[in-house]
Structure formats: structure tokens, C-alpha cells
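Please read these numbers as outputs of a predicted model, since none were measured by experiment. So that the names make sense, note that chain A is the first sequence line, chain B the second, and so on, each numbered from 1.
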There are 2 protein chains.
Amino acid sequence: MAHEHYKAIARNSLLIRSLPEQHIETLLSHANFRHYERGENVFLQDEEATAIHVVIDGWVKLFRVAPNGAEAVVSVFTRGGSFGEAVALRGTNYPVSAEAVTAAEVMHIPSSLLISLMKEDPQIGLSILASTFMHLHSLVEQLEQLKAQTGAQRVAEFLLTLCQCDCGPSEVILPYDKVLIAGRLGMKPESLSRAFARLKTAGVKIKKNHAAIEDVRRLREYTEDDPADAWSKA
Amino acid sequence: MAHEHYKAIARNSLLIRSLPEQHIETLLSHANFRHYERGENVFLQDEEATAIHVVIDGWVKLFRVAPNGAEAVVSVFTRGGSFGEAVALRGTNYPVSAEAVTAAEVMHIPSSLLISLMKEDPQIGLSILASTFMHLHSLVEQLEQLKAQTGAQRVAEFLLTLCQCDCGPSEVILPYDKVLIAGRLGMKPESLSRAFARLKTAGVKIKKNHAAIEDVRRLREYTEDDPADAWSKA
DNA sequence: CGCAAACCTTGACCATAGTCATGGATTCGT
DNA sequence: ACGAATCCATGACTATGGTCAAGGTTTGCG
């Protein structure tokens, strides 16, 4: 197979690592890999699920289109991220659509294989449950952010997830374009621009797709403030 | 046991009905029941999970408190609703807090029992996964609504979930107080009042906790409109 | 019954973010 | 290297929803 390198990446994903050791090779050897162009759909909302998806390279977004045409981005995955676990195991329909937002390489694990393996090892079900729960958790956090924070605070939160260090200055690269960042954070691109502008007062400078954070701790405090207080600091 | 009536209700819950027949009695006989006063906590965020919870009577909300003090309501359950499934099975900590918003009766299924039963029957894991996935799905819908709809449209959507018929006139009862409805829909009570006022133009009249819907179909159209269009119809 | 507390509505005002339009910058294909 | 297209920033304006304050209504308790 020409995919040994891809498999190595897959083995490093949280989903695969949580699976029982003895089944990993079986699963990987039956997985298939596919390249997606930017803008190409991986699957559509309401389609029947036939596989679990693991991103090998590039970026993939999950989103819903509301009846009025507005698009709500639910999550964005890159190398090592997996999605569709619960749906694949249960054989129901996708509640969201998936689209490659850059050229992307995605591994697909056929759900038929997964289901048959699960019958001999219930631990697989637990791995799926763990992944599903992580997604659940991330949605709960998104809800909290949407309901309790201003746009600028959500942007700050987003920047913090991008930098690993937890204090001092830091420089991060915006991983995908601003239209998508805006969607992920529940705002319009124009509002994102203004949020960036506002974050200057919290020690953040944006140039192209680089963000320079003066002091990570200060930015974290900014996200935890009451919106009114955050304003008064400006 | 004095709880036969409660168990009958539990048997009717989606979670219990999805469990394998032969384990239901075991699970129910080891479950325990507890009464909660209004405002009492069922559990707190970051506590370790020891049970799955099934609401027998009354209403229970799941919520998170943001660092800035704002509260985000994640979901609200009543008779037959269950929560904490995934967390119980995995033995991790709750990502949310749970509080009775009316006097409530809640059944608790110890996770230790669940875990040991699951070892002999992996189908139990699938039932848990199914419930977890339903919660996931409902969060995705909430995200979509928050990102793509105005307050008034979310209120309309909420009213529609309360009435079973799908066309013609309908009368529904608001199941809990407006502060909580507002929280559930991501707005302040004042905004909820105004949203109700605005829905008058869509054929909805609110009196106390009764909502009279002139035409369900018309209200559904209202939720599907672009906010600007919805406005122009007023 | 009567008072107090909780709940709800309304008004005035303002902050936040969406819309529309414009112009600058960057990227890409030829 | 040129031009087209895309992406991004900004300004002006508007709509939505949050905040603060006041007042009405309902509920529950003594």
C-alpha cells in the first residue's frame, strides 16, 4: 500500500489510539483513503452513514444549513480529528454536512467492519462513546461561549486554543481563512475584523494570518471578564 | 417497594426502552429514587459521575456557569428524560450542573451496575450511545438556532416543539417559567417578553402561561424565514 | 385578607453585531 | 508581469438584544 505514512498519522489520532490494540491493524488495513479538493463535500446532511472519518491532512468543517440559508459551522477538524463515529455505529443519518475547506486527505473506516468487530469486543463501543462524548463536550462549550460571551471574547478564546503555552507572549498562526473562523465563532467576517481590532487593547496584533499575543494570561483574563468590564478596560 | 408507579414511568423513558429486555428489571430493581426540592442540585459540574439520571416527575435543567457568572442553559428535561449516560459509563466528570427547577422526582441507576452489566451485554453500550447521540443532535440544533435565527424565531421554534399537531390552530402551555425559557433560548427575560410581543404579528397570543397559536403552519414559516423577511411581514 | 416576594412586562437607552457599500491588498492563472 | 478574483478592512447605518429602572400582576404565606 502507498498509504503507510497516512496510516502512521491515523494511528496517532485520538480515536484510533483509544481503540483496543488488537483490532487497530484490522481496521487500518480495511480503511480507505481519499483526497478531497477544497470545497468538496465529504458527506451531506441526512445522508446515511457508512463510515467513520479521520482527517489525515488539511481541514474539514462540519456545518448545517438552516432553512433560511444561513450556515452554522459546528466544528472544524484537521490532522488526527475524527467525526461521524456515533452515526456510523448506529447506522443513522448524518445530522450535519462535511466539507473540505482546504485540499484534504481523509481516511474512511467502513462502518460494516466496525459493527462486526464490535460484536466480539464491546471495548470498541466504549471508544466510540468516548469520542462522541468529546464532541458533545465541545458543543456544550460552544453553546456556553455563544450565550455568555461577546464576539471579541470568543475570538480571544479561539486564539488561546491555538497557542499551547499558558502565559507570557506568544505568536500563533490562524489555521484557516477568516470567513471560516467567523463562521465557527458564530459571527460575520466583518464582525471578526472588528473583534480583532478591539483585541488590540488586550495586547493582540493581527498581521495577515499571524496573531501576536503580548501576554497570554492577560488575554485569558479578558475572556473571563464580564462583557461590561472587558469594555471598561479598553 | 413503594416505587412501582415510578418504575412504570421509567420503563416508558426512551433510554430504558432502548435497553435489552432481559436487563431492564435488574437495572430498575437496583435503581434508587429521590425527591428534589425546587432549586436543589442533582449534581454539580466537575463532580464525578456515579449514576445515570432519569426524570420521573418535575423538571430538571442542565446548565453551565461561565467564568464571568453568566449561566448557559444546555437542556431541560421532564418525565422520561434521561441525562448523564455517557459520563456514567465512562466514569469521567460532569461537564454541566443539574438543578431541579420544580419539585422533582429523579431515578438514579448506579453506574457500577451499568458497567458490570455492559461487560456481559455490549448492546447496553449501544443504548447509551444512542441516548448520547440524541443529546449531541439536540445540541447541534441549538447551535444552529443560536447562530442562524433571531430571538423571536427561536421562541417560535420552541412553541412548535410544544405542540404536536403540524397545522391549523393550537393552544400550548408554557411548561416552566419564563426566566428558564429565556435561558434555554439564550436570551434575557426582557427579550423573551419582547419576542412574544413580536410574535403577535405571526398569530401568537400569550396569556399567562398559555400560548394560542392561530396557525401552526404560519408559525413554522416564520421560523424558516430570513430574519429580514420575517421582519418585513410584521 | 393583606402584605411581601417573585414574576412578568414595558420603556428608555446603549452596546453589539448584521447589512450594504467601498476600496485596498493579496493570490492566482495566464 | 498583468489583470481578475478573492479576501479582508473600514465606514455608515440599522436591527437586535442587553441593561437599568419602574410599575403591574400573581403567588404564597402569615
Applying side chain to side chain contact (heavy atoms under 4.5 Å, CB included), name anything that partners A:Pro95, two or more places apart in sequence or on another chain. A:Arg64, A:Val87, B:Phe133, B:His137
Aromatic ring proximity, centroids under 6.0 angstrom, A:Phe33 and A:His108: no
Report the C-alpha separation of A:Arg11 and A:Leu28 in whole Å, then their side-chain angles, then the decisive distance to 0.1 Å, and conclude whether the side-chain contact (heavy atoms from CB on, under 4.5 Å) test is met. CA-CA 8 Å; A:Arg11 260 186 277 268; A:Leu28 286 184; 3.4 Å; yes
Looking only at atom types and distance, does a side-chain atom of A:Glu99 sit under 3.5 Å from a main-chain N or O of A:Val60, one as donor and one as acceptor? no
Hey, could you give me each pair passing salt bridge (Lys or Arg N to Asp or Glu O under 4.0 Å) that has a residue in residues 32-52 of chain A? Not counting sequence neighbours. A:Arg34-A:Glu40, A:Arg38-A:Asp177
Sequence neighbours excluded, which residues qualify as ring pair (Phe, Tyr, Trp, His ring centres under 6.0 Å) partners of B:Phe77? B:Phe83, B:His135
Any chance you could lay out the side-chain contact (heavy atoms from CB on, under 4.5 Å) test for B:Ile56 and B:Val106, step after step, and finish with the verdict? CA-CA 5 Å; B:Ile56 301 299; B:Val106 182; 5.9 Å; no
Value in whole Å for how far the P atom of D:dG18 lies from CG of A:Leu146: 12 Å
Solution key, residues 205-215 of chain B side-chain donor-acceptor pairs under 3.5 Å, sequence neighbours excluded:
residue: B:Glu214; atom: OE1; partner: B:Arg218; partner atom: NH1; Å: 3.1
residue: B:Asp215; atom: OD1; partner: B:Arg217; partner atom: N; Å: 3.0

On DNA chain C, check which nucleotide each of B:Pro189 and A:Arg154 is closest to and give me the residue with the more 5' one. B:Pro189
Partner residues of A:Phe63 under the ring pair (Phe, Tyr, Trp, His ring centres under 6.0 Å) criterion, sequence neighbours left out: none
Set of salt bridge (Lys or Arg N to Asp or Glu O under 4.0 Å) partners for A:Lys61, sequence neighbours left out: A:Glu71
For A:Pro67, side chain to side chain contact (heavy atoms under 4.5 Å, CB included) partners two or more places apart: B:Glu144, B:Glu224
Whole-Å distance separating the CD1 atom of A:Ile206 from the C1' atom of D:dT10: 16 Å
Overall bend - the helix from C:dC1-D:dG30 to C:dT30-D:dA1, comparing terminal axes fitted on five pairs, nearest 10 degrees: 40°
Where at least one partner belongs to residues 145-156 of chain A, residue pairs that pass salt bridge (Lys or Arg N to Asp or Glu O under 4.0 Å), sequence neighbours excluded: none
Produce the list of close N/O pairs, under 3.5 Å, pairing protein atoms with atoms of nucleotides 20-22 of chain C; give distances to one decimal.
residue: C:dC20; atom: N4; partner: A:Glu190; partner atom: OE2; Å: 3.3

Can a side chain N or O of B:Lys207 be found less than 4.0 Å away from OP1 or OP2 on D:dT26? no
Closest non-hydrogen atoms of B:Gly58 and B:Thr102, given as atom of the first, atom of the second and distance, are CA-OG1, 3.3 Å
Give the rounded distance in Å between these two atoms: CE of A:Met187 and P of C:dA17. 7 Å
Extract from the structure each pairing of a protein N or O with an N or O of nucleotides 5-7 of chain C at less than 3.5 Å, listing the distance.
residue: C:dC7; atom: OP1; partner: B:Arg38; partner atom: NH1; Å: 3.4

Whole Å only: how far is the NZ atom of A:Lys188 from the P atom of D:dC8? 15 Å
Is there a side-chain contact between A:Ser191 and the phosphate of C:dG18, meaning an N or O under 4.0 Å from OP1 or OP2? yes
So which protein nitrogen or oxygen atoms get under 3.5 Å of nucleotides 28-30 of chain C's nitrogens or oxygens?
none

